[in-house]
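Chain letters run A, B, ... following the sequence lines, proteins first and then strands; every chain starts at 1.
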Amino acid sequence: MPINIDAPYKPRIREALADLSVRKAVDRAMGQLAERREKAVDAIDNKSMRNEAREIREQAIRDLPVLLTELETNLIRNGCDVHWARTGGEANRILNTIAQNHGVRTAIKSKSMVTEEIHLNDSLEEIGVKVVETDLGEYIIQLAEEPPSHIVAPVVHKGVKDISELFQEELGMEPTMDPAIMCDTARKELRKHFLVADMGISGCNFAIAETGTLCIITNEGNGRMVSSLPPVYVVVAGIEKVVPRVEDAILLWQAATRNATGQDASVYFSMTSGPKKDDHADGPTEIHVILVDNGRTKVMEKGYADALMCIRCGACMDVCPVYREIGGHAYGRTAYPGPIGSILTPLMNENIDIGKDLPFASSLCGACRDACPVKIDLPRLLLELRNDLSEEKIVDPLQNLLVRSFTQILKHPKCYLVGTKVAGLVSKLSGGASQTFSKLPSPFNRWTKSRVLQKPSPHTFRKIWKESQKNPQASKHSPLETPSTTGAHQSDQDIHQ
Amino acid sequence: MTSRTEATQILSDPARKEILEKLTRNLETPENTFKVPETMGVRSPHLTPVTEGPRTSPENLAILFGRQLDSISGSHRILLENETVTEAILEHIDHLRKDSRDLGFTNNILSWDPRILEIPDLSDTLSQQNIELVVPEDLHSSECRDSAANIRIGLTGVEAAMASTGTVSLSNGPGMNRAASLLPLHHILLIAQDRLYSNVEAWFEALREQNRLEEVLCDRSQLSLVTGPSKSADIGLTLTLGVHGPRTVHAIIYKNT
């Protein structure tokens, strides 16, 4: 059973940490993905690819209004219908109207994060449209009635046995542990839907402004099916997806696939510009493009436009030591888990309570920043966001008070001196041989409930320093190398970083 | 020109205005909009190709392309002077029939219009072997779709083939359907040697130089870059082929006459 993703932050994380089998599966999968990714980016001039990908995305975000208008003009010229939606609700209403106008009964859908974000399936199902997820991973979790846990590998938390049992139960498959047979079963089942669906729905990886072209990346071919077989094709695209030129999309496509799965190129890169012409045998006769804001302008308004450069490759999750321990569901009800999700979720949601704890669910180790193909400085953004949230008094008031008091102490050298002496005294008085506190009285026990606290050194740094200056030979170790002062030094780092 | 309904338009137009206004307002002060801007919106004039593309002879490109396609679970054959494309197709079909774990081969091939494939006597030679090329006219008709859906082998040409990644570009247009490279379990690609490029960037560079971008992208309605057979690793991180698209992709590379 998956964890309760609607539970509050702390119980949710505890539940995630307690699920050892999911933790093992996620860690193994992430390890493999990270390894493949590293091999794929080491094989090329990754520095230049990252620089150029960054330039493309940064320019695109800086020029968004111009590029969006250019995209719209060219899409309409190509024969597409363009709609704009401020919120997920508006996007869903537009989609429902299109579905109702065409009497749609079944819609097939290619994997898309923006449609997860706006809960599009629920909205269509409310008006009686059956929505079938066609990405194998998404299909599995749709059968299991679970949300995805990773943006590239949505079913990463489920083992072969779980999936086999699910297929036996839902699709009447004979018992097997062979993924090839399970895959064939899904192929046959989904093919039926592909052939009769009245509407195809997908997201959009890149929208090329100069030609009015909508690009989607898939490996299974469901993206090509969804955009080719049904008579009506609807593309739901976040407004940040636009890029200026064709060559930009080609570079970003390769950056995304190398970083997402370690492939040189995804199996399919479908570039759709318009509905079929009269003399074409296949392709949709009508294409609707819904350009969705749903919090993106808010991300920009709050000063985090950097995060809109993301190309959704998932590399930041694969390398994140926190994600690898807790998995995607622990990030709560959000389409975007992991480091990038910890920035987007609190900023994009109307209700700030959703995801307000996520920026703190990071060790700020910087692995995500080093991996990101568009060089988003994720730790910096997380830190800025922590600051913003505490200024807006959205985080725990006690935690806020402690951090603020500590900041004041650090700002005044005399206070700091007194503080270190008191801390040293506490350490001495507490006695015992242990280097750590494992249990503190209330309210400080909120810290020691989930982690141990390094005891302050009984000797202050200043004292050790003075002694070492007086008699450098007497002290074999540099003061900074003694275990207790290293601990103190470390906590300073945490605050100042 | 557009057929969008009044209902969505009423919703959409104020949204458009508001979104564009918000973006413009925010971007007027980029110093407040970005935390760590890097490039100030300045870009280098050229993009570097991601994979190296040696400028080499078409023969060498064919070898590179074949090797690359093999490495991603595809297969290929480069024809010698005296071998014909039709014979190579027949041999591959024989191989599929013997080797395949799928029964139920029909004698039909879902195909592009033979006139576009430009292989001399293709239809006639195949029909002597009781194999018919089926060129669908309208896949939105259920009859046409049902018959196409049961065909196990698809045959298409390519717009271009890129050696460094084993990628082919397939566009759709009159006589060039999407279904032949999408619905069947097995896909046979016919690649004339002069359609080989070192990498995908080189092909787009050529298209831009020849002023053909509009034609290839917009006029054809969809361009697909396809790199090997359909695959997934969603179940237990095990590679499985033929999830939705073809399980096998076989390229036959021939010299143009």
Side-chain angles (χ1 to χ4, degrees), chain A residues 29 44 48-49 52 55 58-59 62 64-65 78 81 83-86 90 94 97 101 136-137 155 160 163 179-180 182-183 195 211 213 219-222 224-225 228 247 250-251 254 264-265 267 269-274 276 279-283 293 297 300-301 303 305-306 377 380-381 384, chain B residues 2 4-5 7-8 11-12 15-16 18-20 22-24 26-27 32-36 38-39 41 43 47-48 50-51 136-140 145 149 165 167 172 174 177-179 182 200 204 213 217-218 221-228 230-232 234-238 240 243-245:
Chain A
I44 53 157
S48 118
M49 184 172 79
E52 288 171 7
E55 286 173 8
E58 192 170 326
Q59 189 207 15
R62 283 171 185 272
L64 259 189
N78 293 342
D81 286 6
H83 313 265
W84 298 71
R86 280 166 288 203
E90 281 188 2
I94 292 169
T97 310
N101 285 347
L136 182 56
V155 70
V160 179
I163 300 169
M182 291 154 74
C183 178
L195 293 171
T211 50
T213 304
N219 271 324
E220 300 173 2
N222 54 326
R224 238 192 126 195
M225 297 261 189
S228 295
E247 288 84 349
I250 294 298
L251 184 130
Q254 296 175 82
D264 295 358
V267 179
F269 189 54
S270 309
M271 307 170 81
T272 305
S273 300
K276 82 187 234 350
D279 53 3
H280 295 180
D282 45 13
D293 178 350
T297 47
M300 198 180 253
E301 211 172 275
D306 317 53
D377 192 342
R380 168 80 182 274
L381 299 191
E384 297 264 3
Chain B
T2 74
R4 73 170 141 160
T5 59
T8 63
L11 208 58
S12 192
R16 177 186 192 277
E18 195 181 310
I19 293 169
L20 289 174
K22 270 191 188 169
L23 289 173
T24 312
N26 283 317
L27 288 160
N32 300 333
T33 310
F34 295 91
K35 293 285 180 223
V36 206
E38 266 208 15
T39 69
R43 288 187 50 183
L47 295 179
T48 320
V50 174
T51 47
E137 268 179 15
D138 176 16
L139 280 146
H140 287 302
R145 182 175 288 206
T165 48
T167 304
N172 73 313
N177 57 73
R178 306 180 193 185
L182 189 59
V200 62
F204 276 104
L213 264 186
L217 279 171
C218 308
S221 76
Q222 189 181 57
L223 179 82
S224 288
L225 301 180
V226 178
T227 311
S230 155
K231 65 179 62 143
S232 169
D234 275 334
I235 302 178
L237 291 174
T238 313
T240 43
V243 191
H244 295 303

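Taking the side chain as every heavy atom from C-beta outward, B:Leu27 and A:Met300 approach each other to under 4.5 Å. Between A:Arg86 and B:Ile19 the shortest side-chain heavy-atom distance falls below 4.5 Å. Side-chain atoms of A:Ile250 and B:Leu225, non-hydrogen and from C-beta on, do get closer than 4.5 Å to each other. Proximity of A:Asp377 to B:Lys35: side-chain heavy atoms (C-beta onward) are nowhere separated by under 4.5 Å. Side-chain contact between A:Met271 and B:Ser224 is absent, with no heavy-atom pair separated by less than 4.5 Å. Residues A:Phe269 and B:Thr167 form no side-chain contact, since every pair of their non-hydrogen atoms from C-beta on lies 4.5 Å or further apart.
Partners of A:Glu301 by salt bridge (charged side-chain N to carboxylate O under 4.0 Å, His left out), not counting sequence neighbours: none found. Residues satisfying the side chain to side chain contact (heavy atoms under 4.5 Å, CB included) test with B:Thr238, not counting sequence neighbours, are A:Pro179.
Listed options B:Thr165, B:Asn172, B:Thr51 were ranked by heavy-atom pairs under 4.5 angstrom with chain A; first place goes to B:Asn172. Each of A:Ala305, A:Gly221, A:Ala265, A:Ser270 has some count of heavy-atom pairs under 4.5 Å with chain B, and the biggest count is that of A:Ala305. If you tally non-hydrogen atom pairs under 4.5 Å between each of A:Thr213, A:Ile44, A:Thr272, A:Leu64 and chain B, the highest count goes to A:Thr272. Among the candidates B:Ile235, B:Thr240, B:Thr24, the residue making the largest number of heavy-atom pairs closer than 4.5 Å to chain A is B:Ile235. Ranking A:Thr211, A:Leu381, A:Asp264 against chain B, the residue ahead of the rest is A:Thr211, based on heavy-atom pairs under 4.5 Å. Note on A:Leu251, A:Val155, A:Leu195: by heavy-atom pairs under 4.5 Å with chain B, the leading option is A:Leu195. For the set A:Met182, A:Met225, A:Arg380, the count of heavy-atom pairs under 4.5 angstrom toward chain B peaks at A:Met225. Each of B:Asn26, B:Val226, B:Val200 has some count of heavy-atom pairs under 4.5 Å with chain A, and the biggest count is that of B:Asn26. Per-residue counts of heavy-atom pairs under 4.5 Å with chain A were compared for B:Arg43, B:Lys231, B:Lys22, B:Glu137; the largest is that of B:Arg43. For chain B, the option among A:Ser228, A:Gly137, A:Ala29 with the highest count of heavy-atom pairs below 4.5 Å is A:Ser228. Contact count versus chain A (heavy atoms, under 4.5 Å) is highest, among B:Val36, B:Asn32, B:Leu213, for B:Val36.
Between the side chains of B:Thr39 and A:Gln59, not a single donor N or O lies within less than 3.5 Å of an accepting N or O. Looking only at atom types and distance, the side chain of A:Glu220 has no donor-acceptor partner in the side chain of B:Ser230 under 3.5 Å away.
Not one N or O on the side chain of B:His244 forms a donor-acceptor pair closer than 3.5 Å with the backbone of A:Asn219. Judged purely by atom type and a 3.5 angstrom limit, A:Asp279 has no side-chain atom pairing as donor or acceptor with the backbone of B:Pro174. Using modelled atom types, one side-chain atom of A:Asp282 and one backbone atom of B:Arg178 make a donor-acceptor pair closer than 3.5 Å.
The minimum heavy-atom distance between B:Cys218 and A:Ser273, with the atom names listed, is CA-CB, 3.8 Å. Among all heavy-atom pairs drawn from B:Asn177 and A:Ala281, the shortest one is CB-CB, 4.0 Å. Shortest non-hydrogen contact noted between B:Gly236 and A:Val160 is CA-CG2, 3.5 Å. When all heavy atoms of B:Leu47 and A:Glu247 are compared, the pair lying nearest together is CD1-O, 3.6 Å. Minimum interatomic distance between B:Leu20 and A:Trp84 (heavy atoms only, all atoms of both residues): CD2-CH2, 4.0 Å.
Of the two parts of A:Ala85, only the backbone, made up of N, CA, C and O, holds a non-hydrogen atom closer than 4.5 Å to a non-hydrogen atom of chain B. Of the two parts of B:Asp138, the backbone and the side chain both hold a non-hydrogen atom closer than 4.5 Å to a non-hydrogen atom of chain A. Only the side chain of B:Glu18 comes within contact range of chain A, judged by heavy atoms closer than 4.5 Å. With a 4.5 angstrom heavy-atom cutoff, A:Ile163 touches chain B only via side-chain atoms.
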